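Remember, it's a predicted structure, so these values are computed and weren't measured experimentally.
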Amino acid sequence: RNCYATSLACDFAPTCTCIWNGFTNMNQRSRLSLAFLQIFIASLLFALLGRLFYLQVAAGPTYRDAALSIQSRDVVTPATRGLIVDSSGVPLALNKVGLAVTVDRTKIDKQSDKGEAVLKNLSKLLGLNYADVWQRTRLCGELPKGKKAGCWTGSRFQPIPITKEADPTIALQIVERSDALPGISATPIAIRNYPAFANVNAAHLLGYVGPLTDSDLSGANGRTYFRSESIGKAGLEFKYDSFLRGTPGIKTVIVDRKEAVTSTSQNTKPIPGNHLVTNIDVRLQAAAESALADAVRRARSAGHHADGGAAVVLDINNGAVLALASYPTFDPNAFEIGLTVQEAKDLFSESNGVPALNRALQGLYAPGSTFKAVSVIAAKDAGYDLNKKYQCPATVDVGTRTFNNFESKAQGTLSMKQAIAVSCDTIWYRIAFDEWLRDGGLKPKGDINDYFFKAAGRFQMGTKTGIDLPSESKPRLADRTWKKAWYEQNKDYYCNYKSRAPKAQQTAFLIQLAAENCIDGDKVRAGDAVNFSIGQGDTVVTPIKLAQMYAAIANGGTIWQPTVAKAIVSNDGKVLKTFESKNLGNIGVDPATITFLHDALHEVTISGTAAGVFSGFPIAVAGKTGTAQVFGKNSNGSAKDDTAWFASFAPATSPKFAVVMMVSQGGFGASTSAVGVRKIYETLFGVTGSKVDPTAAIFANNNPPVKLPKISPATRPKGSK
């Protein structure tokens with residue numbers, strides 16, 4: 001209290017000195033705070049100086065480049081794409097000169113209406129919709145998400161093509177009216193073209209090219225692209241895009257804040273792509289496509305639905321793909337010109353047969369009786385004598401179900417060779433059922449022989465062939481492992497079938513089938529075993545897989561990976577890369593069984609199911625017809641027709657080539673596909689009627705060329721116009 005009074009007195013005493021303990025303590029705290037503030041400010045200054053040093057010295061080059069990029073623009077000139085040629089050098093894919101009408105955005109954007117009047121006049125001149133022309137001249141980054149279809153993926157500093165195949169007279173009008181159409185010009189441009197020499201389509205082999213997507217630009221596939229490039233989208237164009245595409249030219253221009261070009265900092269020229277030489281022969285490819293289309297039409301004329309098909313020709317000694325066709329097909333040139341919305345839909349329309357589907361690689365079908373070549377091996381492994389005779393009755397009872405022979409005909413007592421020739425089913429029903437019982441039936445114990453499953457496994461039947469084309473489907477080998485996996489995925493559906501299945505599918509048969517699958521769908525049942533032995537049931541293969549299997553039988557057991565590509569050749573003729581044949585393994589079948597199969601399959605074309613087709617044919621052909629039943633209905637409510645197969649190799653005594661044809665819903669294998677295969681062999685061996693003209697054969701001495709051809713866009717096949 002005294003101190004407080006003294007302090008008050010000091011306020012009114014000008015010469016007094018007053019010391020107050022409380023004031024002294026507060027002064028000390030202020031000094032501490034001031035010192036802390038000084039240290040804090042010093043730290044901030046030190047951090048700021050350090051950051052300035054980093055930005056200006058350590059990271060200076062990086063930020064100088066970033067600053068330059070703000071005022072620079074890259075103009076990309078795509079490289080000329082390399083050719084795709086057949087084994088003789090005939091171009092299957094090349095580049096032709098088109099006449100492009102282009103728009104210069106740097107000029108039309110300067111107009112008061114942003115070029116609207118010019119684009120409308122141009123639309124009228126070209127006969128196009130203004131909305132489409134406007135869309136094509138918009139940069140993709142200018143448009144909102146979901147409205148980018150048809151936008152320009154390149155830069156505003158390069159000509160934007162509106163059409164690549166302009167009428168020369170219209171192009172001349174554009175040049176002459178440059179004052180009325182500022183920013184519009186006409187210039188030659190390279191267009192990817194598929195010339196169809198010898199009427200070859202080969203769309204499913206070659207694929208097509210198209211503009212980049214956001215996924216492509218993201219680098220998800222491990223490749224770096226520029227926006228204005230076109231890249232391979234399917235087939236060989238996709239698989240070998242890195243070789244064919246070349247290196248684009250880059251022109252970097254410096255612009256001011258108004259986007260006006262002030263200078264050029266770099267200008268590199270594009271480097272053309274390399275050429276791809278294939279194993280395909282354009283004449284044989286044309287023959288395969290023609291024979292396949294004829295087979296489909298023949299099946300339809302016989303009353304079958306015949307919604308499509310495939311044909312494959314392989315060199316049995318190395319797996320080289322000499323021809324590969326799928327029907328229906330499409331025009332690969334349409335993608336370069338530009339598809340309409342309707343044309344795009346038609347490619348995937350079931351009513352049109354889904355032309356985009358490559359049935360040779362992607363179609364999965366039950367192999368039918370062509371599978372009996374595998375069953376012969378299974379029977380031999382199980383101890384059956386291939387030289388004995390067996391009964392071929394009209395029917396065989398398996399449990400409570402009766403299985404019929406083809407057309408329910410009894411064939412009497414047959415040798416195994418005759419059984420293959422006439423395609424007896426009931427012999428295989430009995431053998432497969434007996435072996436199923438020996439393996440324990442529904443309750444297998446101990447070591448299971450599974451001769452039929454193991455014989456199919458020798459052919460790697462459950463794996464892809466590895467052909468160098470994209471999107472190959474994996475065949476399905478319906479063995480015990482597959483049955484268990486299938487059951488785990490579908491058990492809930494079948495056990496609750498009445499509540500899960502559509503009313504239209506709740507027939508008495510399907511309800512009963514669902515009940516059986518619910519109980520023991522994970523087990524190989526007797527019906528599964530006997531169906532498997534004749535290529536029916538859940539096992540499905542692609543045509544390329546069946547061709548690989550028959551090629552292995554023909555060459556003595558080696559499984560070759562089918563290969564389309566032969567070599568990559570540079571523009572100056574230097575061989576950059578060759579594609580060697582790849583041996584995938586051996587089926588491990590003894591020579592005696594292979595010889596038996598050769599003889600039995602040859603007998604098919606002499607006295608068996610294909611004898612009528614190959615009557616008088618001067619080349620010995622070994623093969624097997626297949627007529628595989630298909631469960632289900634078409635969109636019009638009709639029952640699905642059988643799949644028509646013919647798998648073969650020739651010459652039967654000294655095989656060189658394997659040829660397989662399949663027509664989906666084509667009816668009988670002999671009358672549909674075998675006829676088509678004969679036509680392919682006629683071209684392959686130079687057959688006219690019942691005579692062989694060696695000079696007309698595709699390959700001299702039946703040996704495909706080994707030497708690489710000289711590549712020229714002007715090369716044409718013999719006899720073409």
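By the side chain to side chain contact (heavy atoms under 4.5 Å, CB included) test, V85 is found to be paired with L83, V277, I711, residues two or more places apart in sequence or in another chain being considered. Evaluation of the side chain to side chain contact (heavy atoms under 4.5 Å, CB included) rule for L477 yields A456, D479, F532 as partners, not counting sequence neighbours. The side-chain hydrogen bond (donor to acceptor under 3.5 Å, both in side chains) check on Y365 picks up nothing, with sequence neighbours excluded.
The list of salt bridge (charged side-chain N to carboxylate O under 4.0 Å, His left out) pairs with a residue in residues 531-554, not counting sequence neighbours, is empty. Among residue pairs with one or both ends in residues 670-698, those qualifying as salt bridge (charged side-chain N to carboxylate O under 4.0 Å, His left out) are D294-K679, R678-E682; sequence neighbours excluded.
Shown here for P367 and A628, the closest heavy-atom pair between the two residues is C-CB, 4.5 Å. For the pair A565 and Y240, the tightest heavy-atom approach, listed with the atom from each and the gap, is CB-OH, 3.2 Å. When all heavy atoms of V282 and F197 are compared, the closest pair comes out as CG2-O, 3.6 Å. Of all non-hydrogen atoms in N702 and F657, the two that sit nearest each other are O-CZ, 3.3 Å. Across I467 and V321, no two heavy atoms sit closer than the pair CD1-CG2, 4.0 Å. Annotation for A554 and F649: closest pair CB-CG, 3.5 Å, computed over non-hydrogen atoms.
Residue N583 places its CG atom among more than 12 non-hydrogen atoms of other residues, nucleotides or ligands, all under 6.0 Å distant.
In this structure, CG in L244 is found 8.5 Å from CG in L236, a value given to the nearest 0.5 Å. In this structure, Y327 OH and E289 CD are separated by 11.5 Å, a value rounded to the nearest 0.5 Å. To the nearest 0.5 Å, atom CD of residue Q362 and atom CD of residue E472 are 9.5 Å apart. A distance of 10.0 Å separates CZ of F453 from OG of S533, quoted to the nearest 0.5 Å. Note that CG of L206 is 8.0 Å distant from CD of Q285, once rounded to the nearest 0.5 Å. To the nearest 0.5 Å, atoms CD (E237) and OG (S230) are separated by 10.5 Å.
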For a salt bridge (charged side-chain N to carboxylate O under 4.0 Å, His left out) check, start with the C-alpha distance between D468 and K566, then their side-chain angles and the critical distance, and finish with the verdict. CA-CA 11 Å; D468 54 337; K566 191 172 186 178; over 6 Å; no
Between D425 and K372, does a side chain to side chain contact (heavy atoms under 4.5 Å, CB included) hold up when you go through it step by step? CA-CA 9 Å; D425 291 334; K372 290 174 183 175; 2.6 Å; yes
Between M461 and V541, does the side chain to side chain contact (heavy atoms under 4.5 Å, CB included) criterion hold? Intermediate values first, please. CA-CA 8 Å; M461 197 168 176; V541 297; 3.4 Å; yes
Test side chain to side chain donor-acceptor pair (under 3.5 Å) on N95 and T80 and set out the steps. CA-CA 8 Å; N95 306 292; T80 302; 5.7 Å; no
Applying side chain to side chain donor-acceptor pair (under 3.5 Å) to N701 and N703, what does each step give before you reach the verdict? CA-CA 5 Å; N701 300 318; N703 294 316; 5.9 Å; no
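The aromatic rings of F243 and F579 stand perpendicular to each other, their planes meeting at an angle above 60°, with 30° marking the opposite boundary.
Here D641 does not pair with R300 in a salt bridge; the nearest charged N to carboxylate O distance is not below 4.0 Å.
S290 contributes no side-chain N or O that, together with a main-chain N or O of A287, makes up a donor-acceptor pair within less than 3.5 Å. A side-chain donor-acceptor contact under 3.5 Å links Q536 to the backbone of Q629. With Y550 contributing its side chain and A373 its backbone, the two residues share no donor-acceptor pair below 3.5 Å. Between the N318 side chain and the A320 main chain, a donor and an acceptor come within less than 3.5 Å of each other. Judged by distance alone, the side chain of N201 and the main-chain N or O of F330 form a donor-acceptor pair under 3.5 Å. Using a distance-only test at 3.5 Å, with no hydrogens or angles considered, no donor-acceptor pair links the side chain of S664 to the main chain of G308. Proximity of a side-chain donor or acceptor of S712 to a complementary backbone N or O of K710 within less than 3.5 Å is not detected. One N or O on the side chain of H204 and one on the backbone of L357 form a donor-acceptor pair closer than 3.5 Å.
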For residues 612-627, which side-chain N or O atoms pair as donor and acceptor with protein atoms under 3.5 Å away, sequence neighbours left out?
from, atom 1, to, atom 2, distance (Å)
K624, NZ, S423, OG, 3.0
T625, OG1, T609, OG1, 2.7
T627, OG1, G669, N, 3.1

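At least one side-chain heavy atom of I553 sits less than 4.5 Å from a side-chain heavy atom of H598. Using a 4.5 Å cut-off on side-chain heavy atoms (C-beta onward), K239 and V564 make no contact. Contact check for T542 versus L364: side-chain heavy atoms found under the 4.5 Å cut-off.
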